[in-house]
Chemist: 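I'd like to ask you about the structure that follows.
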There are 2 protein chains.
Amino acid sequence: MSTLKPRLHIDNISPHVRSAQYAVRGELATLSEEYRARLAKGDTDLPFDQVISANIGNPQQLDQKPLTFIRQVLSLVENPKLLDHEDVLLNQLDYKTDVIERAKWLLSKVGSVGAYSASAGVPAIKESIAKFIERRDGFPADPSKIYLSGGASSGVNTLLHVICAGPDTGVLVPIPQYPLYTASLSILNARCVPYNLDEESGWSTDLEIIRASHDKAVAEGTDVRALVIINPGNPTGASLPEDNIRAILAFAAEKNLVVLADEVYQTNVFEGRFHSFKRVLRLLQQENPNKYDHVELASLHSVSKGMIGECGHRGGYFELVGFHPEVEANIYKFVSITLCAPVVGQCVVELMVNPPQPGDPSYEQYNAEYSAIFQGLKERADALHAAFSRMEGVECGPPQGSMYLFPTIRLPPRAAEAAAAEGRSPDEYYCIRLLKATGICVVPGSGFGQKKDTLHFRTTFLAPGTDWVGRIVDFHKKFMDEHR
Amino acid sequence: MSTLKPRLHIDNISPHVRSAQYAVRGELATLSEEYRARLAKGDTDLPFDQVISANIGNPQQLDQKPLTFIRQVLSLVENPKLLDHEDVLLNQLDYKTDVIERAKWLLSKVGSVGAYSASAGVPAIKESIAKFIERRDGFPADPSKIYLSGGASSGVNTLLHVICAGPDTGVLVPIPQYPLYTASLSILNARCVPYNLDEESGWSTDLEIIRASHDKAVAEGTDVRALVIINPGNPTGASLPEDNIRAILAFAAEKNLVVLADEVYQTNVFEGRFHSFKRVLRLLQQENPNKYDHVELASLHSVSKGMIGECGHRGGYFELVGFHPEVEANIYKFVSITLCAPVVGQCVVELMVNPPQPGDPSYEQYNAEYSAIFQGLKERADALHAAFSRMEGVECGPPQGSMYLFPTIRLPPRAAEAAAAEGRSPDEYYCIRLLKATGICVVPGSGFGQKKDTLHFRTTFLAPGTDWVGRIVDFHKKFMDEHR
């Protein structure tokens with residue numbers, strides 16, 4: 001028997017991969033890359049001369065400069081032979097003594113960054129992370145419960161692989177959400193149990209909504225065993241108050257749910273302060289050990305966000321609290337199969353959690369660069385927010401945290417009709433029109449999930465300047481007039 | 001309701017993760033790390049003063065120095081500010097002009113290595129890879145069919161995720177094999193269809209054995225749709241002749257099987273030469289297009305092995321041939337969900353496929369370093385092979401390729417009894433005794449699969465010097481005497 005067609009086709013590959021959705025890098029992103037390539041080749045037929053990728057939290061693609069301290073240390077761990085020329089580094093190349101010391105220390109602990117590390121990460125880096133968590137939370141952290149990962153995405157993938165046991169497993173996921181969660185659950189053939197965040201109260205969590213979603217899923221036969229929280233929020237930008245976190249942990253304790261706390265935006269907070277799930281859990285365990293000692297928490301962090309913004313280095317970690325040792329052994333085995341997280345990315349994690357301190361030679365520059373990035377993000381967030389508040393039919397709460405705004409848009413009925421004629425949802429239609437008119441790429445709310453009969457889009461506020469904000473305002477006015 | 005136990009326990013987590021096996025980093029590796037930590041703390045109670053990790057192909061952990069050209073370029077892409085001081089680089093720090101040019105070129109194409117790249121990798125790096133494949137094979141390669149990955153492991157994970165559609169899906173896997181394959185198939189709840197390699201003929205493939213395994217699985221209701229080949233072999237060290245590859249491709253064409261060619265050891269060849277599956281497929285397609293044009297091939301490569309040995313950077317790629325565009329779209333979506341491969345690792349791939357050429361300022365040093373590593377590996381492989389040939393009950397073919405020898409060991413019946421008393425297989429018992437006596441960590445053959453009633457172990461020949469080889473010989477003699 002011989003057939004002349006390839007074996008694999010769309011109808012026989014994994015149905016779970018096929019059904020996964022990941023809008024952040026979907027059609028709009030692809031189209032924006034085509035435009036970028038055309039502009040690079042000198043194409044002048046487009047109505048804009050620049051593509052603004054506001055669809056993805058990728059700071060260094062958008063002009064955010066890496067922190068000098070981090071990159072200097074990395075240059076030395078990549079080429080340790082430079083350490084034979086300390087005088088040149090110090091006197092001619094603007095390196096400081098603490099940069100050299102940190103590189104030597106990392107090399108003494110890591111060996112070569114070209115070697116595989118231990119599966120869960122370099123032990124000394126895990127110790128640095130544990131000290132960081134202790135300083136942040138005021139409670140001890142155990143390095144042996146920390147796993148380095150290739151960005152937080154890889155950590156989420158590991159945890160969901162171990163947690164999901166079959167098609168009945170359910171995981172509570174906020175709506176709107178970062179679509180990594182729904183995509184991973186789809187690939188794992190497990191159930192996403194969506195719970196809506198409360199837009200009216202700044203996208204905070206509403207325990208009654210979570211409880212109703214949970215109970216409905218359980219009544220339908222779903223084995224709901226974990227709950228995802230993204231704080232600060234993606235795409236919402238919400239920064240949860242401590243009360244919200246207490247309520248969620250109380251619910252998790254009651255229903256015996258594993259809590260997955262995605263805290264990659266923990267330093268991107270403009271309103272209030274960041275409350276880690278780990279700290280709040282430890283407080284609750286102090287107050288009421290019988291009620292809280294059994295709670296399992298995995299909290300994730302990353303070098304991709306914050307003022308570090310080193311996405312391309314794929315560095316991150318997760319910390320486990322309360323997991324059974326045999327479950328941990330399976331997590332360890334799972335991460336072993338892909339050998340280890342990128343070792344330079346692990347070094348970036350170390351540099352993130354252990355930055356120069358006041359008095360250190362690199363501190364002043366580090367602090368100046370770090371603060372300027374923070375201020376720039378805040379200013380652009382405010383400018384964008386102010387622009388949205390002037391736009392007809394657009395509503396958006398004030399920026400609280402993360403790198404995103406997620407405005408509601410109310411579009412005229414004719415826009416919905418035009419979208420339907422193209423087989424698109426109205427928000428997708430709006431975003432494609434925006435891209436085609438302005439070169440600005442944002443992501444329609446449907447890519448994250450949104451409450452029925454509402455429309456949104458997510459935009460980062462990473463792009464430099466505020467000129468592009470004006471282009472959104474102009475486009476929006478024309479769009480509304482055209483579809484009125 | 002409140003329960004005081006964690007939700008997850010060994011009996012309710014993913015049964016597929018639970019059943020996965022990955023011996024390369026299992027009990028022996030863990031024990032060897034404990035010994036290493038004890039030695040580092042000054043423990044003198046152990047009968048050895050050094051742990052030799054011959055269990056894992058991790059060159060730079062074992063004294064292999066990184067190639068200067070690669071690390072110099074990486075230091076500049078990590079800290080582009082160094083490029084403001086070209087005179088210092090050239091005159092005081094031993095950098096050459098081609099290092100500086102390459103770093104500038106990479107930065108012009110990559111932007112910041114701290115930014116996410118396009119999901120499938122930096123376009124210009126894919127073009128470099130395509131040119132490398134063209135030079136290697138003498139046939140064109142299409143950059144759009146190349147996907148950068150975090151080492152080859154991540155590529156295998158992607159491909160198997162898309163290929164495996166359910167519990168009936170079967171994938172032909174060589175025995176012995178690198179356990180990534182069986183572990184991944186276990187996690188995906190798909191079937192490993194094992195086929196034995198032929199130890200008598202230097203671990204080559206025997207088509208009749210493959211056919212019998214295939215037909216048996218199909219008769220049992222398995223949807224066998226892909227075939228894995230590791231060439232040069234891991235753990236076997238085999239280097240397949242072109243005839244073997246032709247026969248495999250003819251069989252794949254006949255049975256409509258996707259071929260997964262794991263070619264990460266393509267430069268580690270001591271005997272004969274490397275024949276890529278891509279080149280042989282293109283030859284067959286020229287000779288007989290009707291018979292071969294529908295064949296799907298995915299070939300994988302990595303920066304972790306060869307003379308590069310940059311495992312820690314997690315760089316690799318796979319090239320697709322003959323895949324349906326809708327299937328490719330799902331592969332693209334899958335890699336998008338984890339955003340992109342580490343960008344520095346992508347740069348290492350570029351440097352691997354596009355090394356300095358004769359006449360380039362860095363060529364002489366690059367070539368000297370590269371050749372010395374190759375020669376060192378060959379010499380140690382020969383020394384190890386010579387030692388095995390002197391050991392009672394040990395048989396091992398001459399080193400052909402990759403980084404491993406995989407000798408057969410015939411142990412006395414009392415060794416099997418002693419193993420059984422510890423609940424271990426005899427090869428595992430042997431390897432644990434070896435580690436405890438000498439500090440040398442190898443992997444029992446059962447970790448890779450072996451033909452019934454045979455025993456083996458896998459050792460790398462990466463560790464410097466040959467003193468440790470003598471320790472194996474001494475241990476073996478005592479072990480045999482003790483269990484006679």
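Just so you know, these numbers come straight off a predicted model, no measurement behind them. In the text below, chain A, chain B and the rest are named by the order of the sequence lines, each starting its count at 1.
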Chemist: Walk me through it: do Ile13(A) and Ile10(A) pass the test side-chain contact (heavy atoms from CB on, under 4.5 Å)?
Modeler: CA-CA 6 Å; Ile13(A) 58 168; Ile10(A) 192 68; 4.3 Å; yes
Chemist: On a heavy-atom basis, which atom in Gly309(B) and which in Pro59(B) lie closest, and how many Å separate them?
Modeler: CA-CG, 3.9 Å
Chemist: Using a distance-only test with no angle check, is there a side-chain donor-acceptor pair under 3.5 angstrom linking Thr338(B) and Arg314(A)?
Modeler: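 No, because no side-chain N or O of Thr338(B) sits under 3.5 Å from a partner of the opposite role on Arg314(A).
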Chemist: What part of Val113(B) gets closer than 4.5 Å to chain A, counting heavy atoms only: side chain, backbone, both or neither?
Modeler: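 Both backbone and side chain.
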Chemist: Does the side chain of His313(B) come within less than 4.5 Å of Pro342(A)'s, by heavy atoms?
Modeler: no
Chemist: Which residue, Leu160(A), Asn157(A), Thr169(A), forms the side-chain contact (heavy atoms from CB on, under 4.5 Å) with Leu188(A)?
Modeler: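 Passing option: Leu160(A).
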Chemist: May I ask you to decide if Glu326(B)'s main-chain N or O and Asn330(B)'s side chain share a donor-acceptor pair within less than 3.5 Å?
Modeler: yes
Chemist: Quick one, Leu339(B) with Ser119(B), criterion side-chain contact (heavy atoms from CB on, under 4.5 Å). Give me CA distance, side-chain angles, the key distance, then yes/no.
Modeler: CA-CA 6 Å; Leu339(B) 298 162; Ser119(B) 302; over 6 Å; no
Chemist: What I'd like to find out is whether the side chain of Tyr95(A) reaches to under 4.5 Å of the side chain of Thr68(A), using heavy atoms alone.
Modeler: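 No, side chains not in contact.
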Chemist: When heavy-atom pairs shorter than 4.5 Å are enumerated against chain B, which of Ala341(A), Cys311(A), Pro325(A) gives the highest number?
Modeler: Cys311(A)
Chemist: Quick one: of Ile187(A), Ile163(A), Leu62(A), who has the most non-hydrogen atom pairs under 4.5 Å with chain B?
Modeler: Ile187(A)
Chemist: Cut-off 3.5 Å, side chains only: do Ser117(B) and Gln346(B) have a donor facing an acceptor?
Modeler: yes
Chemist: We want to know whether Ser53(B) and Arg36(B) form a side-chain donor-acceptor pair, criterion being a heavy-atom distance below 3.5 angstrom.
Modeler: yes
Chemist: Based on non-hydrogen pairs under 4.5 Å, which of Asp293(B), Val258(B), Leu180(B), Asn12(B) is most in contact with chain A?
Modeler: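 Heavy-atom pair counts peak at Asn12(B).
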Chemist: Heavy atoms under 4.5 Å from chain B: which residues of residues 70-79 of chain A carry them?
Modeler: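 Hits under 4.5 Å: Arg71(A), Gln72(A), Leu74(A), Ser75(A), Val77(A), Glu78(A), Asn79(A).
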Chemist: Can you find a heavy atom in the side chain of Val122(A) that is under 4.5 Å from one in the side chain of Leu148(A)?
Modeler: no
Chemist: Going by the rule side chain to side chain donor-acceptor pair (under 3.5 Å), which residues pair with Ser302(B) if we only count those two or more places apart in sequence or in a different chain?
Modeler: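 Here the qualifying residues are Ser304(B).
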Chemist: Tabulate, in ascending numerical order, the residues of residues 149-156 of chain A having at least one heavy atom closer than 4.5 Å to a heavy atom of chain B, or enter 'none'.
Modeler: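 Ser153(A) fall under the 4.5 Å cut-off.
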Chemist: Under 4.5 Å from any heavy atom of chain B, what part of Ile337(A) do you find: side chain, backbone, both or neither?
Modeler: both
Chemist: Within the structure provided, determine whether Ser14(B) and Cys164(A) are in side-chain contact (heavy-atom separation under 4.5 Å).
Modeler: no
Chemist: Count the heavy-atom pairs under 4.5 Å between each of Val162(A), Val303(A), Asp94(A) and chain B, then report the option with the highest count.
Modeler: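 Most pairs with chain B among the choices: Val162(A).
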Chemist: At a heavy-atom separation under 4.5 Å, does Phe323(B) approach chain A through its side chain, its backbone, both, or neither?
Modeler: side chain
Chemist: Counting heavy-atom pairs under 4.5 Å to chain B, which of Gly114(A), Gly111(A), Ala183(A), Ala37(A) comes out on top?
Modeler: Gly114(A)
Chemist: What residue in Leu8(A), Val327(A), Val343(A) has the most heavy-atom pairs under 4.5 Å with chain B?
Modeler: Leu8(A)
Chemist: Report the option among His161(A), Gln21(A), Gln64(A) that has the most heavy-atom pairs separated by less than 4.5 Å from atoms of chain B.
Modeler: His161(A)
Chemist: Going by side chain to side chain donor-acceptor pair (under 3.5 Å), name the residues that satisfy it together with Asp223(B), two or more places apart in sequence or in a different chain.
Modeler: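 For Asp223(B), the residues satisfying side chain to side chain donor-acceptor pair (under 3.5 Å) (neighbours in sequence not counted) are Arg7(A), Arg225(B).
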Chemist: Heavy-atom pairs under 4.5 Å with chain A are the metric here; pick the option from His324(B), Gln61(B), Gln92(B) that has the most.
Modeler: Gln92(B)
Chemist: Hey, could you give me the NZ/NZ distance between Lys65(A) and Lys81(B), rounded to the nearest 0.5 Å?
Modeler: 9.5 Å
Chemist: Under 4.5 Å from any heavy atom of chain B, what part of Glu296(A) do you find: side chain, backbone, both or neither?
Modeler: side chain
